Amino acid sequence: MCPHPNIASTAFLIADPARASMLMALVEGHALPAGELAYAAGVTAQTASAHLAKLLAGGLVEVEAEGRHRYYRLGGSHVALLLENLASVTPLNRPRVRPLSADAQKLRFARCCYDHLAGQLGVAVTQALERRGVIVAGADKQFEVTAAGIEWFGRMGLNVPDLQPTRRGLARQCLDWSERQHHLAGPLGVQWMNLLCTNGWLRRVKATRAVQVTPQGWVWLKDQLGIEGRQGELTHDA
DNA sequence: CTATACCAAAATTTGTCGCT
DNA sequence: AGCGACAAATTTTGGTATAG
């Protein structure tokens, strides 16, 4: 008898190529209708519907009916984490997607990943902080804030010693799925994101996970972190 | 033999349009 | 507004194919 029937059934659900494609299409956090997921997996709507029913029963996805569409999303951040970890050890075949929509491009550029900054911009900002000695990559998938870094964050209005680490630490290294590099997460990542928004440098786009840089934001990014660009792309990052 | 995946066709559900 | 016809998205059903 298998001593871990639960993980076996979860692994079985993910192991099917069609289901894996649908899950990876959802990993960016967008909810997608069944038809879109069928396209992503390269199967017909009927087949996709059967797969989605299994994923739903297994708790890997949730569904929300809106009109005649049924929007599926991942069953939670733990599912996203599981998939991102799998993707990090496997050569990634990007799921088939419709010619990259404007929305998808915005998400790839900058988005919030469970309340911290991710995407191209998230990675660029994290790397700029490292280059400036504000944070250093430490053991256990954590970033450590240097003494100079504590001072630097303080000048920005973020008092690092006040932050409470969670079980998973204070400044976690989160693997960015689209960029395949780390960005800053954990309580520090969350407060950092809040700070960028409350100072008017970043703006969250309503009803999506996309994030926009404001005109003042671009000025600030260039002055403080040496990051240059315009809406939707980075032109210089050093 | 059994389990699982696939697809075609039919059924179901919901939104939209034109008419009174 | 209420009604019916039609369109679109999705699910259900039934049959076939394939792997172990």
Side-chain angles (χ1 to χ4, degrees), chain A residues 1-116 118-120 122 174-180 203-212 231-233:
Chain A
M1 179 61 85
C2 174
H4 299 298
N6 295 341
I7 65 168
S9 60
T10 301
F12 170 78
L13 285 173
I14 299 173
D16 179 83
R19 288 194 291 264
S21 297
M22 291 194 267
L23 289 170
M24 291 315 284
L26 291 170
V27 89
E28 297 222 21
H30 254 0
L32 295 175
E36 196 80 16
L37 291 169
Y39 183 87
V43 296
T44 59
Q46 315 89 290
T47 300
S49 177
H51 284 309
L52 286 167
K54 289 175 190 170
L55 290 173
L56 196 58
L60 290 177
V61 299
E62 296 173 345
V63 66
E64 195 175 333
E66 203 159 309
R68 57 187 165 197
H69 295 272
R70 286 164 68 83
Y71 286 91
Y72 289 86
R73 76 179 78 246
L74 293 184
S77 58
H78 56 296
V79 180
L81 193 65
L82 171 63
L83 294 169
E84 295 207 2
N85 284 337
L86 277 174
S88 72
V89 295
T90 311
L92 196 56
N93 276 329
R94 302 243 355 181
R96 197 159 68 117
V97 290
R98 294 187 195 278
L100 211 53
S101 68
D103 279 352
Q105 274 176 0
K106 282 177 200 154
L107 273 185
R108 183 160 198 163
F109 170 65
R111 63 180 180 277
C112 26
C113 165
Y114 302 99
D115 287 336
H116 56 265
Q120 236 182 323
C174 177
L175 184 68
D176 194 288
W177 179 74
S178 59
E179 304 306 307
R180 306 200 68 196
R203 190 167 49 216
R204 296 171 74 145
V205 181
K206 63 176 164 45
T208 76
R209 292 173 60 205
V211 172
Q212 280 179 345
Q231 201 46 59
E233 66 173 321

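Lettering of chains follows the sequences in order, A, B, ..., and the numbering in each one begins at 1. Computed from a prediction, not measured in an experiment: that's the story for all the values here.
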| said: Tell me whether the side-chain N/O atoms of A:Tyr71 come closer than 4.0 Å to OP1 or OP2 in C:dT10. | reply: no
| query | Think A:His51 has a side-chain N or O under 4.0 angstrom from the OP1 or OP2 of B:dT4? | reply | no
| request: Report yes if the side chains of A:Val79 and A:Val61 come closer than 4.5 Å at any heavy-atom pair, otherwise no. | output: no
| task | Mind checking the NZ-CG spacing from A:Lys54 to A:Leu13? Nearest 0.5 Å is all I need. | result | 8.5 Å
| Atom CD of A:Gln46 and atom C1' of C:dT10: how far apart are they, to the nearest Å? | 10 Å
| query | Hey, does the side chain of A:Ser49 come within less than 4.0 Å of C:dT10's phosphate (OP1/OP2), counting only N and O? | reply | no
| What nucleic acid atoms does A:Ala45 come within less than 4.0 Å of, heavy atoms only: base, sugar-phosphate, or nothing? | base
| message | Please determine whether a side-chain nitrogen or oxygen atom of A:Thr44 lies at a distance below 4.0 Å from atom OP1 or OP2 of B:dC7. | response | yes
| query | Atom CZ of A:Phe12 to atom P of C:dG20: distance rounded to whole Å? | reply | 14 Å
| task | Taking all non-hydrogen atoms of both residues into account, name the closest pair between A:Gly75 and A:Glu62 and its distance. | result | O-OE2, 3.5 Å
| request: Look at A:Lys54 and B:dT4 and indicate whether a side-chain polar atom (N or O) is within less than 4.0 Å of OP1 or OP2. | output: no
| Closest non-hydrogen atom pair, A:Ala40 against A:Ala25 | CB-CB, 3.9 Å
| request: For A:Arg70 and C:dT12, give me the distance from atom CZ to atom P, rounded to whole Å. | output: 8 Å
| query | A:Leu56 CG to C:dT12 P: how many Å, rounded? | reply | 11 Å
| said: If the cut-off is 4.0 Å, is A:Arg19 near the phosphate of B:dA5, judged by side-chain N/O to OP1 or OP2? | reply: yes
| message | I need the CG-P distance between A:Asp16 and B:dT4, as an integer number of Å. | response | 11 Å
